[in-house]
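Each remark here refers to the structure printed beneath this line.
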Amino acid sequence: MTNQPVLEVKHLNTWYRQSGALKSRRNRQQVLKDVNLTIYGGEVLGVVGESGSGKSTLARAILGMLDEYEGEIIHYTKRPQMVFQDPYSALNPVRTIRWILEEPLKVYGKYNAAERKQRVVQTLEKVGLGEEYLDRKPPQLSGGQRQRICIASALILRPKLVIADEAVSALDVTIQAQILQLMVALKKEFHLSYLFISHDLNVVYQICDRAVVLKRGEVIEANTVDELFDHPQHPYTKQLLDAAE
């Protein structure tokens with residue numbers, strides 16, 4: 001881990017407009033409230049909290065998917081890429097793995113056909129899959145293989161920050177462990193940072209360096225995972241830890 005940030009979030013406030021409501025500040029529901037966090041180079045920062053705490057809204061804001069927010073989101077590297085929760089719905093079922101991985105390179109526009117093929121094959125190998133998967137489609141793969149493709153898709157443009165939103169929660173325990181080991185190995189090889197969003201504190205403890213705890217859109221505690229687990233300060237954090245045992 002370095003002392004150079006790859007992302008800073010300062011005093012972030014977000015809202016969702018009530019369904020069908022006219023454009024008015026009175027018709028908005030606040031989701032995130034004065035959220036501050038920093039992710040450093042090579043760090044895995046966990047974001048934990050119950051459903052509805054604002055974890056996915058934070059990811060959407062960082063990815064530039066929200067129109068209404070106040071505060072600052074400062075990127076010091078390329079825009080981050082995303083690994084979604086459900087590999088079954090994250091991949092286009094009618095496209096081949098070759099197409100799924102090559103399309104971002106085509107959009108980026110800085111690679112010829114031979115360079116794109118080389119990058120696709122190399123990235124596929126990095127996630128533990130061979131060239132024989134290139135012409136397969138997602139329905140022909142297992143859940144673990146699909147999540148490996150999702151990770152490859154996130155890495156194809158070589159970002160420095162990857163957001164993993166409940167990236168292993170849809171997998172069984174054995175496959176979860178394999179994917180977590182893969183993510184750790186890729187972090188070292190590509191000098192990645194992760195924003196790792198999860199409701200599972202046991203998974204957060206395995207992979208994260210630090211963690212922030214969200215409750216109803218507010219950061220109520222932030223610390224190293226060792227301190228957070230061994231010496232939680234907020235009653236809500238203690239409640240989450242008790243539930244995880």
Side-chain angles (χ1 to χ4, degrees), residues 1-10 12 32 35-50 53-59 61-63 72-85 126-127 147 150-151 154-155 158-169 171 173 176-215 218-234 236-245:
M1 188 170 69
T2 72
N3 58 1
Q4 297 298 316
V6 295
L7 174 78
E8 285 188 280
V9 175
K10 298 181 178 182
L12 178 64
L32 296 178
V35 170
N36 295 274
L37 60 84
T38 301
I39 304 176
Y40 296 95
E43 179 183 40
V44 183
L45 179 67
V47 178
V48 301
E50 296 174 314
S53 60
K55 303 187 302 295
S56 292
T57 300
L58 175 61
I62 292 170
L63 289 165
E72 292 184 273
I73 301 171
I74 307 169
H75 295 272
Y76 294 98
T77 65
K78 293 179 183 178
R79 288 279 173 169
Q81 296 297 309
M82 185 82 163
V83 178
F84 293 95
Q85 175 178 0
K126 295 296 184 184
V127 299
Q147 197 61 299
C150 290
I151 293 170
L155 292 180
R158 300 297 187 262
K160 289 300 181 183
L161 174 60
V162 172
I163 299 175
D165 188 359
E166 300 282 5
V168 297
S169 63
L171 307 172
V173 174
Q176 271 191 16
Q178 294 174 2
I179 297 298
L180 290 173
Q181 289 172 2
L182 173 64
M183 292 179 71
V184 170
L186 292 170
K187 179 178 83 76
K188 293 177 181 177
E189 181 166 358
F190 290 105
H191 307 290
L192 294 171
S193 301
Y194 292 120
L195 180 66
F196 192 87
I197 297 170
S198 181
H199 68 279
D200 189 334
L201 271 73
N202 293 315
V203 171
V204 167
Y205 187 77
Q206 290 179 56
I207 195 171
C208 296
D209 302 298
R210 293 187 299 124
V212 299
V213 182
L214 276 180
K215 181 181 181 182
E218 296 182 79
V219 175
I220 60 166
E221 190 163 355
N223 215 326
T224 66
V225 289
D226 286 332
E227 283 296 313
L228 199 68
F229 277 68
D230 293 341
H231 307 290
Q233 299 300 306
H234 197 281
Y236 179 70
T237 307
K238 296 176 183 178
Q239 178 184 332
L240 290 177
L241 290 167
D242 290 340
E245 290 182 353

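Note: hydrogens, waters and symmetry copies are ignored here, and every other heavy atom, side chains too, is used.
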Query raised in the report: salt bridge (charged side-chain N to carboxylate O under 4.0 Å, His left out): which pairs involve residues 190-202, sequence neighbours left out?
Result: none

Query raised in the report: Is there a donor-acceptor contact under 3.5 Å from the side chain of Gln147 to the main chain of Ala167?
Result: yes

Query raised in the report: To the nearest 0.5 Å, what is the distance between CZ (Arg79) and NE2 (His75)?
Result: 3.5 Å

Query raised in the report: Is a donor on one side and an acceptor on the other found under 3.5 Å between the side chain of Lys55 and the backbone of Gly49?
Result: yes

**Report entry** Interatomic spacing from CD1 in Ile207 to CG in Leu180 - rounded to 0.5 Å
**Finding:** 5.0 Å

Query raised in the report: Do Leu58 and Leu12 come close enough that some side-chain heavy atom pair is under 4.5 Å?
Result: yes

Query raised in the report: Could you give all pairs that pass the side chain to side chain donor-acceptor pair (under 3.5 Å) test and reach residues 183-197, with sequence neighbours left out?
Result: Lys126-Glu189

Query raised in the report: Do Leu192 and Val44 come close enough that some side-chain heavy atom pair is under 4.5 Å?
Result: no

Query - Qualifying residues under ring pair (Phe, Tyr, Trp, His ring centres under 6.0 Å), relative to Tyr205, sequence neighbours excluded - result: Phe229

Query raised in the report: So among Leu201, Asn223, Leu240, Val204, which one has a side chain to side chain contact (heavy atoms under 4.5 Å, CB included) with Leu228?
Result: Asn223

Query - Validation row: Ser169, Gln85 side chains within 4.5 angstrom (heavy atoms) - result: yes

Requested in this report: Output all residues satisfying ring pair (Phe, Tyr, Trp, His ring centres under 6.0 Å) with Tyr236, sequence neighbours left out; order by chain, then residue number.
Outcome: none

Query - Listed partners of Ser56 passing side chain to side chain contact (heavy atoms under 4.5 Å, CB included), at least two apart - result: Asp165

Query raised in the report: Heavy atoms, side chains only, cut-off 4.5 Å: are Ile62 and Val9 in contact?
Result: yes

**Report entry** Residue pair Lys160 / Phe190, side-chain heavy-atom distance below 4.5 Å
**Finding:** no

Query - Of all pairs that satisfy salt bridge (charged side-chain N to carboxylate O under 4.0 Å, His left out), the ones with a partner from residues 224-233, not counting sequence neighbours - result: none

Query raised in the report: Is the shortest heavy-atom distance from the side chain of Met183 to the side chain of Ile151 under 4.5 Å?
Result: yes

Report task. Applying side chain to side chain contact (heavy atoms under 4.5 Å, CB included), name anything that partners Lys10, two or more places apart in sequence or on another chain. Result -> Glu8, Asn36, Glu72, Ile74

Report task. Answer yes or no: is there a donor N or O on one side and an acceptor on the other, between the side chain of His199 and the main chain of Glu166, under 3.5 Å? Result -> no

**Report entry** All salt bridge (Lys or Arg N to Asp or Glu O under 4.0 Å) counterparts of Glu43, not counting sequence neighbours
**Finding:** Arg210

Query raised in the report: Which heavy atom of Ala211 sits nearest a heavy atom of Val225, and at what distance?
Result: CB-CG1, 4.2 Å

Requested in this report: With sequence neighbours excluded, tell me which residues meet side chain to side chain donor-acceptor pair (under 3.5 Å) with Thr38.
Outcome: none

Query raised in the report: Residues in side chain to side chain contact (heavy atoms under 4.5 Å, CB included) with Ala177, at least two apart?
Result: none

Report summary line: Interatomic distance, CE@Met82 vs CG@Leu195, rounded to 0.5 Å, equals 8.5 Å

Query raised in the report: Is the closest side-chain heavy-atom distance between Val48 and Val212 below 4.5 Å?
Result: no

Query - Partners passing side chain to side chain donor-acceptor pair (under 3.5 Å) against Gln176 (at least two apart in sequence or in another chain) - result: none

Query raised in the report: Would you call Leu45 and Phe196 a side-chain contact if the rule is heavy atoms closer than 4.5 Å?
Result: no

Report summary line: Rounding to 0.5 Å, atoms CD1 (Ile197) and CZ (Phe84) come to a distance of 10.5 Å

Query - Gln233: side chain to side chain donor-acceptor pair (under 3.5 Å) partners, not counting sequence neighbours - result: none

